[in-house]
Amino acid sequence: MKISLPPPKMKVPCFDLPRQNEPLREELEASFRKILQSAHYILGPSVEAFEKKFAAYCGSAHGIGVGSGTDALIFSLKALGIGPEDEVITPSYTFVATVFAILHVGAVPVLADIDPETYTLDPASVQKQLSRRTRALLPVHLYGQPAKMDELLEIAHKKKLKIIEDACQAHGATWKNKKVGSLGDAGCFSFYPTKTLGGLGDGGMVVTGQAGLAEKIIRLRNLGRKGMSEDPADLGWTSRLHGLQAAALEVKLRHLEEGIARRRKIAERYKNLLSSTPLILPAEARDARHTYYLFAVRVPDGKRDSLQKKLSDEGVQTVVHYRTPIHRQPFYRNYVKRPLRLGVSEKIASEVLCLPLFPGLRDEEIDYVCQILRQFYHLNP
Ligand SMILES: *Cc1c(COP(=O)(O)O)cnc(C)c1O
């Protein structure tokens, strides 16, 4: 008689930063020693070197290192002259920081729906939200998938709107062989430790092809001054990239493509092993290179929370990004404009579940996660 044994218990984290950084320890420590001896702790040569390299990687002429991805967004909006009375169209299905940035410059976030295949800003919904006051579009390249830039660029061109790309989840993602971040007026990146290119603390960058815009952002990050000892020429902030972060990020940038290749391999393996389950798997859009910052599946039929519990009981950590679209969060009620229904955003928010994915994730771990998922759906292991 055949007895089916319970699967072996494994602990699979959603991401594991020490595991990702450990292989780079020697390179990282050597670069830190240089900073320690140099006294350039804020800005300085290591920041300049990393700004050049990351901007070049993105295919942009200028890179400006700032304190966070949120600040990269705020400074870009501010430098593009967007402020009170202006409307900025952005998806309701995004991280809080996207909408906060618009609020921080005094502009009005106008929420649009997302496309059901890519989970990014839906151009048809944008069309419906355009008004006399619309000044900019702020698409988000969510989970590492580029937004629908063809249509968005066309709308922006026709209506003379600025485009600020929230590329905080999409380092290295491409659209028609061009890197995201280099497609609009400004591209904003976060180096939060878990991001596809993550530091060992907070950090961010704006990339742009426009020299005038770059100069303004250089002042905004540093109390309105270009250098440390000039008089201010702008109302700025204190939000600069630090020497140690830039040194770490330069090391990690050298390994970024390798990491993205591994992320894509992991996504492939998940897709193969899960193809016969009812889960709706992420698709790569035409003309796009998805970098799988997150592997977000959709769990249909209201089973998301029970599936998440099953995975958790079996030692697999998962995260829901994002459970509540912005327009459903009470905090924003008085701050945003939105249509009556954002049906796709609501549906996706009720189904999405992010499975473990980071470059150090092992094949056995992926197989284990898939085994649990197949078991949940009563499929052969
Ligand atoms: C992480 C993130 C940000 C903000 O980046 P921080 O560095 O944490 O300020 C903005 N938008 C999106 C979509 C993000 O994922």
Side-chain angles (χ1 to χ4, degrees), residues 15 17-18 20-21 24-25 27-32 34-36 38-58 60 62-79 95-98 100-101 104 140-141 144 164-173 179-182 186-208 214 217-223 228 236-256 259-260 291 293-294 358-359:
F15 42 77
L17 295 175
Q20 273 174 258
N21 290 328
L24 308 177
R25 187 154 58 89
E27 275 178 90
L28 288 169
E29 283 176 355
S31 73
F32 294 163
K34 269 198 243 162
I35 302 295
L36 191 63
S38 80
H40 290 294
Y41 297 158
I42 294 170
L43 299 176
S46 75
V47 172
E48 282 164 33
F50 175 64
E51 286 174 334
K52 278 214 174 72
K53 283 186 185 161
F54 189 68
Y57 173 80
C58 294
S60 287
H62 310 276
I64 308 100
V66 298
S68 69
T70 308
D71 285 351
L73 289 162
I74 295 172
F75 298 169
S76 297
L77 289 160
K78 190 93 188 162
F95 183 55
V96 292
T98 317
F100 270 18
H104 274 306
V140 182
H141 305 301
I164 299 104
E165 299 175 67
D166 183 338
C168 289
Q169 299 190 357
H171 318 69
K179 295 263 168 49
V180 301
S182 68
C188 303
F189 291 89
S190 165
F191 303 124
Y192 183 80
T194 61
K195 301 283 161 103
T196 303
L197 178 59
L200 306 179
D202 276 318
M205 192 174 292
V206 181
V207 300
T208 177
I217 294 168
I218 285 172
R219 289 199 300 268
L220 290 177
R221 73 175 171 184
N222 188 31
L223 294 170
M228 286 295 184
W237 284 264
T238 299
S239 177
R240 304 160 296 214
L241 191 60
H242 297 171
L244 278 168
Q245 290 309 334
L249 287 162
E250 201 190 332
V251 168
K252 297 193 76 176
L253 178 58
R254 280 185 238 142
H255 300 274
L256 177 59
I260 290 172
T291 49
Y293 165 57
L294 295 170
F358 57 95

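These numbers come from a predicted model, not from an experiment.
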Donor-acceptor list for residues 65-73 side chains, cut-off 3.5 Å, not counting sequence neighbours:
residue	atom	partner	partner atom	Å
S68	OG	T70	N	3.4
S68	OG	D71	N	3.0
D71	OD2	S239	OG	2.5

Closest heavy-atom pair and its distance - A246, V47 = CB-CA, 3.6 Å
Minimum heavy-atom distance between L200 and P193, given as atom pair plus value = C-CG, 4.4 Å
Distance-minimising heavy-atom pair for L253 and F50 = CD2-CE1, 4.0 Å
Residues, nucleotides or ligands: over 12 heavy atoms within 6.0 Å of Y57 OH | yes
Would a 4.5 Å heavy-atom cut-off, applied to side chains only, mark H62 and V207 as touching?
-> no
Which residues share a side-chain contact (heavy atoms from CB on, under 4.5 Å) with S76, sequence neighbours left out | I164, A186, C188, V206, I217
For K52, all residues meeting salt bridge (Lys or Arg N to Asp or Glu O under 4.0 Å), sequence neighbours excluded | none
Would you indicate whether the side-chain heavy atoms of Y293 and T194 approach each other to under 4.5 Å?
-> yes
With rounding to the nearest 0.5 Å, note down the distance linking CZ in F189 to CD in E165.
-> 7.0 Å
Give a yes or no on whether the backbone of G201 and the side-chain of H242 come within a donor-acceptor separation of less than 3.5 Å.
-> no
Could you state the interatomic distance from CD1 (I218) to CZ (R240), rounded to the nearest 0.5 Å?
-> 13.5 Å
Would you check if the side chain of K252 reaches a backbone N or O of G198 as a donor-acceptor pair within less than 3.5 Å?
-> yes
Which residues pass the salt bridge (Lys or Arg N to Asp or Glu O under 4.0 Å) test with R219, sequence neighbours left out?
-> D234
Can you check whether N222 reaches M228 side chain to side chain, under 4.5 Å on heavy atoms?
-> yes
Minimum-distance pair of heavy atoms, taken over all atoms of S46 and A247 = OG-N, 4.2 Å
Quick one: salt bridge (Lys or Arg N to Asp or Glu O under 4.0 Å) partners of E27, sequence neighbours excluded?
-> R254
What pair of heavy atoms forms the shortest contact from V251 to S31, and how long is it?
-> CG2-OG, 4.0 Å
Could you pull out the closest heavy-atom pair between Q20 and P359, with the gap in Å?
-> NE2-CD, 3.6 Å
Can you measure from OG1 (T238) to CG (L223) and round to the nearest 0.5 angstrom?
-> 3.5 Å
Cut-off 3.5 Å, side chains only: do Q169 and H141 have a donor facing an acceptor?
-> no
Rounded to the nearest 0.5 Å, what separation is found between the CG atom of L249 and the CZ atom of F54?
-> 9.0 Å
Report the C-alpha distance between F191 and H171 in whole Å, list the side-chain angles of each, state the deciding distance to 0.1 Å, and finish with yes or no for side chain to side chain contact (heavy atoms under 4.5 Å, CB included).
-> CA-CA 9 Å; F191 303 124; H171 318 69; 4.1 Å; yes
Is L36 close to L244 at the side-chain level, that is, under 4.5 Å between some pair of heavy atoms?
-> no
Separation of M205 CE from Q245 CD (nearest 0.5 Å) | 11.5 Å
Residue set satisfying side-chain contact (heavy atoms from CB on, under 4.5 Å) with K34, at least two apart, ordered chain then number -> none
Y192 side, atom OH; C168 side, atom SG - distance, nearest 0.5 Å = 12.5 Å
